[in-house]
Amino acid sequence: MNVDLNSDLGESYGKYKIGNDAELMKSISSCNIACGFHAGDPSVIRKTVELALENSLTIGAHPGYPDLMGFGRREINLSEEELFDMVLFQVGTLKSIVEAFGGKLSHVKPHGAMYNRAAGDRNTARTISLAVKKMDDELYIMGLSGSFLIEEAKSIGLKTVSEVFADREYENDGKLVPRSKKNAMISDVNSSMVRILNMIKKGCVVSTEGSEIKINAETVCIHGDGEHAVEFAEKINGFLMENGVEIRSYVKRGDI
């Protein structure tokens with residue numbers, strides 16, 4: 001049994017440093033690199049790409065809303081055309097930089113508010129999927145397990161990777177608890193490890209209201225900007241290996 005471990009990286013900007021990308025890369029198998037709209041700048045993006053290639057990580061683009069002040073976590077209403085163009089632009093930028101350094105872009109995972117909207121809004125999910133397919137129809141879409149994004153990507157012929165979260169709580173409908181709520185985040189790494197193992201081996205997770213939700217854990221996300229991100233990644237990596245789950249990028253498993 002194996003699973004991909006991913007993290008959102010390259011989210012520093014100018015003199016502001018967010019996360020510890022170098023340390024996180026030692027424990028994960030794939031990464032999602034910010035494309036400059038919600039976080040990241042040209043130098044940060046280039047350095048993160050180089051570091052990811054040095055660590056032999058599978059690389060994805062992490063497009064978000066144009067919201068540096070809100071770190072891409074605030075909802076922005078866009079037309080379908082605007083959303084299409086923004087995703088196309090960000091994915092194209094990241095893809096070009098990765099290729100310039102001899103690598104290959106493998107997937108696209110929307111960020112923050114865009115990710116959440118794509119999970120629950122079919123039109124948003126389809127627009128993002130169409131933009132990704134237009135850029136490169138070999139790219140995978142990484143999205144919330146059971147979401148519209150996964151459904152719409154599959155419906156137009158894209159490969160997908162269903163994602164679960166190490167540090168987030170779930171609601172009864174399978175969506176993530178909004179960050180505005182006090183119980184949205186999980187800070188206890190020990191309870192998180194047991195939870196993740198159940199997601200992988202049993203295909204389920206318990207919601208905040210006690211309901212058991214079916215879930216498809218093909219990749220596990222550890223937020224790179226989290227206070228305990230490095231500790232989470234190291235301990236989760238070791239715990240899963242000890243329990244017979246190998247950490248391996250989804251592209252090294254063939255089509256999922």
Side-chain angles (χ1 to χ4, degrees), residues 1-8 29-33 35 57-65 78-92 94-95 98 104-166 168 170-176 196 199-205 207 212-221 248-256:
M1 183 171 285
N2 52 67
V3 74
D4 179 54
L5 276 188
N6 81 79
S7 191
D8 307 334
S29 48
S30 70
C31 64
N32 323 297
I33 300 178
C35 304
L57 296 182
T58 297
I59 299 175
H62 198 39
Y65 288 136
L78 302 173
S79 68
E80 291 183 8
E81 183 179 42
E82 288 173 322
L83 178 61
F84 182 96
D85 293 343
M86 284 185 184
V87 172
L88 192 73
F89 180 88
Q90 291 178 78
V91 174
L94 209 292
K95 185 174 187 289
V98 172
K104 178 183 177 182
L105 188 70
S106 296
H107 70 268
V108 177
K109 172 188 167 181
H111 167 80
M114 184 186 290
Y115 181 97
N116 291 330
R117 183 156 185 166
D121 181 78
R122 191 175 292 279
N123 287 338
T124 298
R126 187 166 186 83
T127 300
I128 291 171
S129 298
L130 288 170
V132 172
K133 186 172 184 177
K134 189 69 173 179
M135 178 57 60
D136 184 347
D137 61 9
E138 289 300 312
L139 290 170
Y140 286 77
I141 285 278
M142 185 178 287
L144 186 68
S145 174
S147 67
F148 282 140
L149 182 58
I150 295 295
E151 286 185 20
E152 289 300 315
K154 286 181 177 179
S155 75
I156 63 170
L158 290 176
K159 296 172 285 188
T160 64
V161 191
S162 289
E163 181 178 45
V164 299
F165 287 80
R168 296 292 300 275
Y170 284 80
E171 297 187 320
N172 281 347
D173 60 0
K175 294 186 177 67
L176 300 176
I196 292 166
M199 289 183 186
I200 297 167
K201 290 195 170 184
K202 297 181 180 180
C204 65
V205 65
S207 74
E212 190 172 87
I213 305 163
K214 290 184 179 180
I215 207 160
N216 186 16
E218 294 174 332
T219 185
V220 179
C221 176
R248 187 190 303 174
S249 166
Y250 63 89
V251 296
K252 295 180 181 178
R253 297 155 59 190
D255 286 349
I256 296 174

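Values in this document were obtained by computation on a predicted structure and should not be read as measured data. Side-chain atoms are counted along with the backbone in the values below, which use heavy atoms only and exclude waters and symmetry mates.
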Query - More than 12 heavy atoms of other groups within 6.0 Å of F89 CZ - result: no
Under the side chain to side chain donor-acceptor pair (under 3.5 Å) test, which residues partner [X], sequence neighbours left out?
{"X": "R168", "value": "none"}
{"X": "S129", "value": "none"}
{"X": "S29", "value": "D4"}

Query - Polar contact flag, side-chain donor to acceptor under 3.5 angstrom, E163-Y115 - result: yes
So, do [X] and [Y] sit near enough that their side-chain heavy atoms are less than 4.5 Å apart?
{"X": "M142", "Y": "S30", "value": "yes"}
{"X": "I59", "Y": "C31", "value": "yes"}
{"X": "V205", "Y": "V164", "value": "no"}
{"X": "Y140", "Y": "V108", "value": "no"}

Query raised in the report: Among N6, N2, T58, which one satisfies side chain to side chain donor-acceptor pair (under 3.5 Å) with S249?
Result: T58
Query raised in the report: Partners of K175 by salt bridge (charged side-chain N to carboxylate O under 4.0 Å, His left out), sequence neighbours excluded?
Result: D173
Query raised in the report: Residues two or more places apart in sequence or in another chain: which of them pass salt bridge (charged side-chain N to carboxylate O under 4.0 Å, His left out) with E82?
Result: none
Query raised in the report: Can you tell me how far CZ of F165 sits from OG of S145, rounded to the nearest 0.5 angstrom?
Result: 10.5 Å
Query raised in the report: Out of K109, H107, M114, which one pairs with H62 under the side chain to side chain contact (heavy atoms under 4.5 Å, CB included) rule?
Result: K109
Report summary line: Between M199 and the options I213, V3, I215, the side chain to side chain contact (heavy atoms under 4.5 Å, CB included) test singles out I215
Query raised in the report: Judged by atom type as modelled, is there a donor-acceptor pair below 3.5 Å linking the side chain of E152 to the main-chain atoms of R126?
Result: no
Report summary line: salt bridge (charged side-chain N to carboxylate O under 4.0 Å, His left out) pairs touching residues 128-144, sequence neighbours excluded, are E138-K159
